[in-house]
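Here is the structure we will look at.
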Amino acid sequence: MTTASHVTSQLRTALWHGIVLSLLTSLTACGGGGGDGGGAGPGPVPTPTLPAFTTQPSNQSVAVSATATFNVVATGTPTPTLQWQLSSNSGSTWSNIVGATASSYTTPVTVIGDSGKQYRVVATNSTGTANSNTATLTIVVASKAWGAAALIETVDTGHANIPQIAFDTNGNALAVWVQHDDATNTISKIWSNRYIASTGTWGTAAVIETTSAANVGSTPQPQIAIDVNGNALAVWHKSDGTRNNILANRYTASTGLWGAVVSLEGGTGSAEMPQIVIDANGNALAVWVQSDATRNVYSNRYTAGTGWGAAVLIETDNAGSASTPPKIAFDASGNALAVWSQSDGTRNNIWSNRYTIGVGWGAAAVIETDITGYDYAPQIAIDANGNALAVWSQLTSIGGYNIWTNRYTVGTGWGTAAILEPAAGSVFDPPQLAFDANGNALAVWYKNLKIWSNRYIVGTGWGTAEPIETDNSAGTSSPRPQIAFDANGNALAVWNKDDGTRDNIWANRYTAGTGWGTAALIETDNLGDASYPRIAIDANGNALAVWSQTDGTRYNIWSNRYQ
């Protein structure tokens, strides 16, 4: 019995221990703890999930020169990383925006060309990726108008004339002009002033060349071009007392200073009427006419980071002299076309030569074969694809003036010259020409007391000429119309015109898809004549016009802004 009782007691103890152990195991599984040294367990491991967006980026509409902000909220396990992307071709291709890895993204200050750009976010974790919806940026363009004309130089030493102007990609501009020194009656110098976009104001006019050589009986006609970084080159001709030379100076955007004047040619004959263009990489080409046995066309190249090279002859026909300033234009790849008027000993013809990047100038060739008149004052413009249009005036045997044109097609060359506007009525002013971003063009000229225009459409050709101003109460011998396009295919033309008492500065706007508007006066100072208007348009469609205007005593440089 004693043995049996002992066994029974052991069984009871074992059973009790088993029950307790079972309870402890159950408590542990439930996350419970016991005793002074117990604590909470690690808990369940989260289940991984794909990234998803609970807040999608929304379309944004902002004004030019503002910023736009896009926002998202993304979920997923583990927490996803974010990368904002940009598409400039309607979502066909996307590129990462460097540093844009937060839940919101704010664009840089916008320009008109940003309209239509698309944005999205890619969310990524260990389980995969997800793309957000696409959000589109729209740039809202406020209605623009001309402001009040203002004097941009206050130096009273002598007449200031023949201004030129050019914009950089940030909306800043540089104007240059020639100014006479009445005190010596011998010295004319080149001056400049800068328009600052951030303040909307002009600076202080300053001399950009310090040579003291004589300039009697010569009109330097300075020209200027600005590269994408805001650096500029100005060129002009000036007499050293014996002959005219071609001079240049460079404006460096990083310092805000003009450099030292340099000579671009080393020949023995007089050189004059230079023109200049700058390509997207900051390289430039200047062309001019220079006398030796006859008047020939020369060129010099400025290479970014190196400077000017040696002048080269770009035409070798010595049957007659080149006349009127040669004109030049770059394409997007850095190739160029120059055109000029040149005598064959009997009459003037229009010639051209092409500069090929990495090769140099080719052989000059005549681009029109009509022998009934005297051709002069050619102009040229090149579209984004490298195709070009040239226009010029022709004095016919019957005494009238025709407007002619020819087209250069990449891979083919020049076509056949054709009359754009037949001779009729009063003298034509030399036509002017500009391309829009799509390869369409507008030409403007003066005829029968009015400013006229014609439009070239890619794949169709030239249309029908139309007057773009209706005031024919008075005319002027040389209204000098000028034209420039903005990035959206709109254009502005400016010219001077006599109201019966004095010449005023006028303007008209071409709106893409609508046409020309109504011509309007853009200066109201009636002290004296205004002439030599020039215009440039920035990337946002704002414009600056500059001109020379007398106050009754001397000519000053004036400007007006379209914004």
Side-chain angles (χ1 to χ4, degrees), residues 219 221 237 243-244 246 265 267-275 285-300 311-329 336-356 360-382 388-409 412-424 427-433 443 445 478:
T219 305
Q221 298 180 346
H237 71 251
R243 67 180 188 89
N244 284 332
I246 305 299
E265 43 77 36
T268 58
S270 187
E272 57 188 8
M273 299 184 289
Q275 304 287 309
L285 282 169
V287 291
W288 64 89
V289 294
Q290 186 164 356
S291 299
D292 45 31
T294 59
R295 283 159 55 94
N296 301 289
V297 180
Y298 280 79
S299 176
N300 199 337
V312 296
L313 184 66
I314 68 171
E315 57 84 26
T316 56
D317 177 58
N318 286 322
S321 294
S323 65
T324 69
K327 300 295 183 178
I328 187 169
L337 281 165
V339 292
W340 63 90
S341 174
Q342 187 165 346
S343 175
D344 60 10
T346 303
R347 58 177 294 274
N348 275 26
N349 308 281
I350 304 300
W351 286 67
S352 177
N353 199 346
R354 186 168 190 261
Y355 177 90
T356 303
W361 290 98
V366 177
I367 66 171
E368 56 83 31
T369 56
D370 181 77
I371 60 172
T372 62
Y374 177 99
D375 298 313
Y376 74 103
Q379 304 288 327
I380 191 166
I382 298 181
L389 284 167
V391 292
W392 61 90
S393 294
Q394 183 188 69
L395 175 61
T396 69
S397 58
I398 60 174
Y401 285 77
N402 298 317
I403 302 294
W404 282 72
T405 183
N406 200 346
R407 178 170 169 83
Y408 177 91
T409 304
T412 303
W414 289 99
T416 302
I419 292 178
L420 177 60
E421 177 75 1
V427 173
F428 286 85
D429 218 35
Q432 301 292 315
L433 179 70
W445 62 87
S478 186

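Excluded from the calculations below are hydrogen atoms, water molecules and symmetry mates; all remaining heavy atoms, backbone and side chain alike, are included. Starting from 1, each residue takes its place in the sequence as its number.
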Study note, to complete from the structure: Of all heavy-atom pairs linking Ala381 and Ala329, the shortest is CA-CB, 4.4 Å
Check your understanding: Does Leu433 offer a backbone N or O that forms a donor-acceptor pair with the side chain of Gln379 under 3.5 Å?
Key -> no
Review point. Measuring from Ile328:CD1 to Leu285:CG, what's the distance to the nearest 0.5 Å?
Key: 4.5 Å
Check your understanding: So how far is it from Tyr376 OH to Ile350 CD1, rounded to the nearest 0.5 Å?
Key -> 10.5 Å
Exercise for review: List the atom of Ser299, the atom of Ile314, and the distance in Å for their closest heavy-atom pair.
Suggested key: CB-CG2, 3.7 Å
Practice item. Run the numbers on Trp361 and Val287 for side chain to side chain contact (heavy atoms under 4.5 Å, CB included), then give the verdict. Key: CA-CA 12 Å; Trp361 290 98; Val287 291; 4.3 Å; yes
Check your understanding: Is the backbone of Ala338 close enough, under 3.5 Å, to the side chain of Ser352 for a donor and an acceptor to pair up by distance?
Key -> yes
Review point. For Ile403, does its backbone N or O pair with a side-chain atom of Ser393 as donor and acceptor, under 3.5 Å?
Key: no
Study note, to complete from the structure: Residues at least two apart in sequence or cross-chain that pass salt bridge (Lys or Arg N to Asp or Glu O under 4.0 Å) with Glu368, listed by chain then number, are Arg347
Point to revise | Thr405, Asn402, Ile367 screened by side-chain contact (heavy atoms from CB on, under 4.5 Å) with Trp392, the one that passes | key: Ile367
Check your understanding: How close do Pro274 and Trp288 get, heavy atom to heavy atom, and via which atoms?
Key -> CA-CB, 3.8 Å
**Study point:** N/O donor-acceptor pair under 3.5 Å between Ser343 side chain and Asn348 backbone
**Key:** no
Exercise for review: Only counting residues at least two apart or in another chain, list the ones meeting side-chain hydrogen bond (donor to acceptor under 3.5 Å, both in side chains) with Gln275.
Suggested key: Lys327
Practice item. Compare every heavy atom of Asn349 with every heavy atom of Asp375, then report the nearest pair and how far apart it is. Key: OD2-CA, 4.0 Å
Practice item. Could you grab the distance from atom CD of Gln290 to atom CG of Asn244, nearest 0.5 Å is fine? Key: 10.0 Å
Point to revise | Residues which pass side chain to side chain contact (heavy atoms under 4.5 Å, CB included) with Ala364, listed by chain and number, not counting sequence neighbours | key: Glu315, Trp340, Trp351, Asn353
Exercise for review: Report the C-alpha distance between Val289 and Glu272 in whole Å, list the side-chain angles of each, state the deciding distance to 0.1 Å, and finish with yes or no for side chain to side chain contact (heavy atoms under 4.5 Å, CB included).
Suggested key: CA-CA 6 Å; Val289 294; Glu272 57 188 8; 3.9 Å; yes
Point to revise | Counterpart residues, side-chain hydrogen bond (donor to acceptor under 3.5 Å, both in side chains), relative to Trp404 (two or more places apart) | key: Gln394
Practice item. Not counting sequence neighbours, which residues clear side-chain hydrogen bond (donor to acceptor under 3.5 Å, both in side chains) with Asn406? List them please. Key: none
Check your understanding: Is a side-chain N or O of His237 found less than 3.5 angstrom from the main chain of Met273, in a donor-acceptor match?
Key -> yes
Point to revise | With sequence neighbours excluded, residues passing ring pair (Phe, Tyr, Trp, His ring centres under 6.0 Å) with Tyr374 | key: none
Review point. Where the side chain of Ser270 meets the backbone of Ser291, is there a donor-acceptor pair that is under 3.5 Å apart?
Key: no
Practice item. Apply side chain to side chain contact (heavy atoms under 4.5 Å, CB included) to the pair Ile246 and Tyr298, showing each step before the final yes or no. Key: CA-CA 11 Å; Ile246 305 299; Tyr298 280 79; over 6 Å; no
**Study point:** Non-neighbouring partners of Arg407 that pass side-chain hydrogen bond (donor to acceptor under 3.5 Å, both in side chains), sequence neighbours left out
**Key:** Tyr456
